[in-house]
K.L.:
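Please see the structure below; I have some questions.
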There are 2 protein chains.
Amino acid sequence: MKRVSKQEKLFIKEGLIMANIKDIAKMAGVSVTTVSRVLNDYPYVSAEKAEAVRQAMEKCNYQRNINAVHLSKGRTFLIGVVVPFSNHPYFGLLIEGIANAALNNNYKLVLIQTNYEEEKEVEALTMLKDKQIDALIICSRICDWGIIKEFIEYGPIVLCEDAREKNVSCTFVDHYKSFSSALHYLYGKGHSRIGYCIGRQSGTNSEQRSAAYTRFLEENSLSFNPDFIFSGCFNFEDGEKIVTDLMRMKERPTALLVTSDQVAAGILTCCKEHGIFIPEDLAIMGFDNQPISKVMHITTLEIPLVEVGRKLFYQAMDGERVSHEEIAVKFIERETV
Amino acid sequence: MKRVSKQEKLFIKEGLIMANIKDIAKMAGVSVTTVSRVLNDYPYVSAEKAEAVRQAMEKCNYQRNINAVHLSKGRTFLIGVVVPFSNHPYFGLLIEGIANAALNNNYKLVLIQTNYEEEKEVEALTMLKDKQIDALIICSRICDWGIIKEFIEYGPIVLCEDAREKNVSCTFVDHYKSFSSALHYLYGKGHSRIGYCIGRQSGTNSEQRSAAYTRFLEENSLSFNPDFIFSGCFNFEDGEKIVTDLMRMKERPTALLVTSDQVAAGILTCCKEHGIFIPEDLAIMGFDNQPISKVMHITTLEIPLVEVGRKLFYQAMDGERVSHEEIAVKFIERETV
DNA sequence: ATAATTTATGAAACGCGTTTCAAAGCAAGA
DNA sequence: TCTTGCTTTGAAACGCGTTTCATAAATTAT
């Protein structure tokens with residue numbers, strides 16, 4: 001046991017060296033147990049001893065080492081959030097909802113931006129295993145379910161996709177249902193050449209949309225044209241490429257179902273520049289009801305993303321129970337169809 | 001010292017109870033020091049002992065407790081990032097730059113969304129003090145410098161504002177200079193009734209812009225009209241309110257300097273709907289050169305935000321040195337002036 | 001009056017990994 | 001031959017806080 005010199009005692013008292021709980025105990029004339037009790041608002045400490053502890057802490061500007069607390073308690077009050085991109089309105093809104101709920105519950109976010117690389121997703125899962133985060137929310141992923149399920153035993157994992165057949169919690173939109181209803185709405189408006197724009201073609205959400213589209217075509221005896229499917233559509237600026245592609249096509253869709261209002265807004269803006277009239281030449285329907293859709297009068301389906309984020313957080317906190325929450329999608333009719 | 005029962009040994013071997021370093025040492029027939037040496041790629045371990053350790057770890061699916069590692073080593077490989085909003089393109093790009101650099105250097109981000117509340121900013125600073133994060137990047141703040149400087153002793157703090165006169169590192173745009181040059185450009189194009197749109201009126205960056213505007217008016221003997229300054233402009237949809245305000249004004253600016261391309265795009269879109277011609281009736285100049293500015297042909301000043309984020313990260317990693325990096329702003333002329 | 005409960009305190013063990021220092025053997029250099 | 005440096009290993013101390021269990025006194029309930 002290293003003996004503390006007089007010089008070090010002086011430094012600790014003046015806050016030049018960080019004091020530890022033993023220093024505080026000695027200075028206050030109590031045991032480390034009593035100091036810990038004061039720190040953790042435990043009832044059985046006399047008022048005078050509690051005050052002595054508080055004064056010692058203030059004199060030394062004491063701050064406990066949080067890693068020691070985490071080791072002892074087995075919790076870090078950090079929650080991991082996996083997103084493919086930070087700079088994207090959809091995920092920005094999810095993060096906002098999660099972040100606000102987290103701060104209201106004394107949790108902090110660890111943001112893991114994956115760029116849709118499996119290795120990064122596994123890093124996030126490993127943080128759960130090595131106890132660096134108390135829970136993990138996966139907003140979008142590329143890794144197989146088989147990988148995720150190996151980590152469930154280490155802590156709560158929550159998905160932002162339909163996981164009703166899996167033993168993890170989720171908050172999700174039934175994309176098959178909402179995509180189908182949007183397709184039927186467009187069909188009811190007289191459209192039979194309908195295309196759609198998505199971010200990527202893999203993933204649970206995208207598979208559901210694809211299935212809905214295929215089913216829709218069959219039900220209505222419509223032929224499938226692969227050129228009517230546009231992927232890689234994430235941001236406003238991606239609308240430009242879609243319009244360029246449309247201009248080149250002999251046979252064009254007369255309606256586009258676009259899985260992001262931002263992209264829909266980009267398409268709309270570029271169509272105006274190229275003399276394509278909306279909705280006469282091309283009807284456009286968005287998703288999410290982001291603020292930009294109101295400004296530009298885009299017909300859309302509303303998903304309350306901040307609220308989804310909030311629910312994801314509370315599911316992650318409820319580590320005892322697995323729950324599956326479906327989010328209702330609301331139809332917002334404006335001027336683009 | 002608690003004696004481990006035969007049942008517990010079996011559970012550890014089968015991975016039903018998490019093994020600790022002592023279990024691995026016993027199973028491999030070495031000391032915990034040797035196990036730690038293997039874990040940390042220390043050279044002085046014989047090949048056969050290293051292999052025995054590795055096999056024991058694999059058999060138990062061993063994962064060390066990262067909080068114990070952090071306690072021992074005094075580092076968590078977490079970096080705090082303070083942003084006012086998650087859902088905003090400017091901060092989204094900064095975070096993207098920081099996040100990519102962080103992952104390339106084995107660091108993870110702890111995202112603290114403050115909604116411009118001082119209390120939240122102090123929470124972030126406290127994480128530095130209690131050793132939960134190794135460094136802190138403040139992208140935008142509301143708290144006084146007096147608060148920040150009390151935390152410098154606990155670890156590296158990096159600001160995204162001009163902090164050349166302070167003992168913290170920063171990566172910044174000289175907003176006085178760039179705002180001045182933009183004002184002079186508009187003046188040179190014949191405009192004397194020039195307004196500007198900003199997010200908020202407080203903060204280092206905003207003060208510099210305000211000073212540049214005041215100086216510009218004086219130099220050119222132009223009168224100050226408070227109605228020409230629009231604040232609360234963060235997103236595309238905020239453009240709508242600005243255009244509504246413009247329509248009500250008797251005396252309107254003939255040019256607008258807008259501190260975000262997103263807002264400029266929103267203004268542009270709404271002007272078109274209200275019969276205001278760009279640039280004939282109103283010239284618009286943006287900032288950042290976000291992708292949307294190219295699609296909509298907005299004249300702008302380019303700030304490479306992803307690169308700024310990257311630089312902020314590397315400054316935070318260089319805890320030994322204080323550095324101040326000015327970012328050059330590049331003029332991009334398009335069609336809105 | 002006796003038993004049970006509450007209040008208050010502290011020594012020591014506990015969580016789990018890292019590091020220091022001692023010890024021993026071997027090889028190279030003076 | 002002696003000294004120095006390298007290689008290898010492990011016991012014990014260290015980091016810093018939390019919790020358990022023992023002890024004693026005071027208060028309340030039977």
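Chain letters run A, B, ... following the sequence lines, proteins first, then strands; residues in each count from 1.
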K.L.:
Would a distance-only check, ignoring hydrogens and angles, find a side-chain to backbone donor-acceptor pair under 3.5 Å from B:Asn106 to B:Phe77?
P.N.:
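Judged by distance alone, no pair lies under 3.5 Å.
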K.L.:
Can you tell me how the ring of A:Tyr90 sits relative to the ring of A:His88, calling it parallel under 30°, perpendicular over 60° and tilted otherwise?
P.N.:
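Ring orientation of A:Tyr90 relative to A:His88: perpendicular.
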K.L.:
Indicate yes or no for a side-chain donor-acceptor contact from A:Glu325 to the backbone of A:Phe172 under 3.5 Å, with no hydrogens or angles considered.
P.N.:
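Between the backbone of A:Phe172 and the side chain of A:Glu325 there is no qualifying donor-acceptor contact (under 3.5 Å).
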K.L.:
Output the single nucleotide from C:dG17, D:dG15, D:dC6 whose closest atom is nearest the side chain of B:Leu71.
P.N.:
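It is D:dG15.
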K.L.:
Using atom NZ of B:Lys22 as one end and atom C1' of D:dA13 as the other, report the distance to the nearest whole Å.
P.N.:
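B:Lys22 atom NZ is separated from D:dA13 atom C1' by 13 Å.
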K.L.:
Return yes if a side-chain donor-acceptor contact under 3.5 Å exists between B:Arg200 and B:Ser140, otherwise no.
P.N.:
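The criterion, which ignores hydrogens and geometry beyond distance, is satisfied for B:Ser140 and B:Arg200.
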K.L.:
Specify the separation, in whole Å, of atom CG of A:Asn20 and atom P of D:dC14.
P.N.:
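Atom-to-atom, A:Asn20 to D:dC14, this comes out as 12 Å.
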K.L.:
Distance only, no hydrogens: is a donor on one side chain within 3.5 Å (strictly under) of an acceptor on the other, for A:Asn105 and A:Tyr314?
P.N.:
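Short answer, yes.
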K.L.:
Does B:Thr204 use its side chain to pair, donor to acceptor, with the backbone of B:Glu161 at less than 3.5 Å?
P.N.:
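No: the side chain of B:Thr204 does not pair with the backbone of B:Glu161.
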K.L.:
Can you tell which of C:dT18, D:dT9, C:dC16 lies closest to the side chain of B:Lys49?
P.N.:
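Out of C:dT18, D:dT9, C:dC16, the nucleotide with an atom closest to B:Lys49's side chain is D:dT9.
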K.L.:
Check the distance between C:dC14's P and B:Asn67's CG and give it to me in whole angstrom.
P.N.:
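For the pair B:Asn67 CG and C:dC14 P, the rounded distance is 20 Å.
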K.L.:
When the nearest nucleotide of DNA chain D is assigned to A:Ile66 and to B:Arg37 on a heavy-atom basis, which residue is associated with the more 5' position?
P.N.:
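Its nucleotide being nearer the 5' end, the pick is B:Arg37.
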K.L.:
For D:dG10 and B:Ser31 - does any side-chain N or O of the residue sit under 4.0 Å from the phosphate oxygens OP1/OP2?
P.N.:
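True: B:Ser31 side-chain N/O within range (under 4.0 Å) of D:dG10 OP1/OP2.
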K.L.:
So, does B:Ser46 get its side chain near the phosphate of D:dT9, meaning an N or O under 4.0 Å from OP1 or OP2?
P.N.:
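Answer is yes, contact under 4.0 Å.
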K.L.:
Measure from the side chain of A:Val69, starting at C-beta and using heavy atoms only, and say which of D:dG17, D:dC6, C:dT6 lies closest.
P.N.:
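Shortest atom-to-atom distance from the side chain points to D:dG17.
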K.L.:
Quick one: does B:Thr33 reach the base of D:dA11 with a side-chain donor-acceptor pair under 3.5 Å?
P.N.:
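Yes, the side chain and the base share a sub-3.5 Å donor-acceptor pair.
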K.L.:
DNA chain D: A:Asn65 or B:Val30, which has the more 5' nearest nucleotide?
P.N.:
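Closest to the 5' end, via its nearest nucleotide, is B:Val30.
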K.L.:
Check the distance between D:dC16's C1' and B:Lys131's NZ and give it to me in whole angstrom.
P.N.:
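Nearest whole value for this atom pair: 11 Å.
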K.L.:
Between P on D:dG17 and CG on A:Asp41, what's the gap in Å once rounded to a whole number?
P.N.:
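Going from CG in A:Asp41 over to P in D:dG17 covers 16 Å.
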K.L.:
Using whole Å, report how far CG of A:Asp130 lies from C1' of C:dG17.
P.N.:
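From A:Asp130 CG to C:dG17 C1': 13 Å.
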K.L.:
Has B:Tyr44 got a side-chain N or O lying under 4.0 Å from the OP1 or OP2 atom of C:dT19?
P.N.:
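For C:dT19, OP1/OP2 do not have a side-chain N/O of B:Tyr44 under 4.0 Å.
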K.L.:
Without decimals, in angstroms, what is the distance between B:Glu48 CD and D:dT7 P?
P.N.:
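Going from CD in B:Glu48 over to P in D:dT7 covers 18 Å.
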K.L.:
Can you tell me which nucleotide in C:dC16, D:dT18, D:dG10 comes closest to the side chain of A:Ile21?
P.N.:
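When the side chain of A:Ile21 is considered, D:dT18 is the closest of C:dC16, D:dT18, D:dG10.
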K.L.:
Find the bend of the helix from C:dA1-D:dT30 to C:dA30-D:dT1 as the angle between its two terminal axes (five pairs each), to the nearest 10°.
P.N.:
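Taking the rotation axis at each end, their angle is 30°.
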K.L.:
Is any side-chain heavy atom of A:Ile137 closer than 4.5 Å to a side-chain heavy atom of A:Ile98?
P.N.:
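Touching, per the 4.5 Å side-chain cut-off.
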K.L.:
Considering every strand and a 4.0 Å limit on heavy-atom distances, what is the contact class for B:Val45: base, sugar-phosphate, or nothing?
P.N.:
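Sugar-phosphate, backbone atoms only, no base.
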K.L.:
Round to a whole Å and report the spacing from CG of B:Asp23 to C1' of C:dC16.
P.N.:
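So the two atoms are 11 Å apart, to the nearest Å.
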K.L.:
Once you apply a heavy-atom cut-off of 4.0 Å, does B:Tyr42 come out as touching a base, just sugar-phosphate, or nothing?
P.N.:
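Nothing: the residue B:Tyr42, judged by heavy atoms under 4.0 Å, touches no strand.
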K.L.:
Ignoring the backbone of B:Val32, work out which of D:dT18, D:dA12, C:dA8 is nearest its side chain.
P.N.:
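Of the candidates, D:dA12 comes closest.
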K.L.:
Identify which nucleotide among D:dT8, C:dA8, C:dG10 has an atom closest to any side-chain atom of A:Thr34, counting heavy atoms from C-beta outward.
P.N.:
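Within the option list, the nearest is C:dG10.
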K.L.:
Would you check, one step at a time, whether the test side chain to side chain contact (heavy atoms under 4.5 Å, CB included) holds for B:Tyr116 with B:Arg141?
P.N.:
CA-CA 6 Å; B:Tyr116 278 130; B:Arg141 64 181 168 107; 5.9 Å; no
K.L.:
I want to check one thing: is the phosphate of C:dT18, taken as OP1 and OP2, less than 4.0 Å away from some side-chain N or O of B:Ser36?
P.N.:
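Yes.
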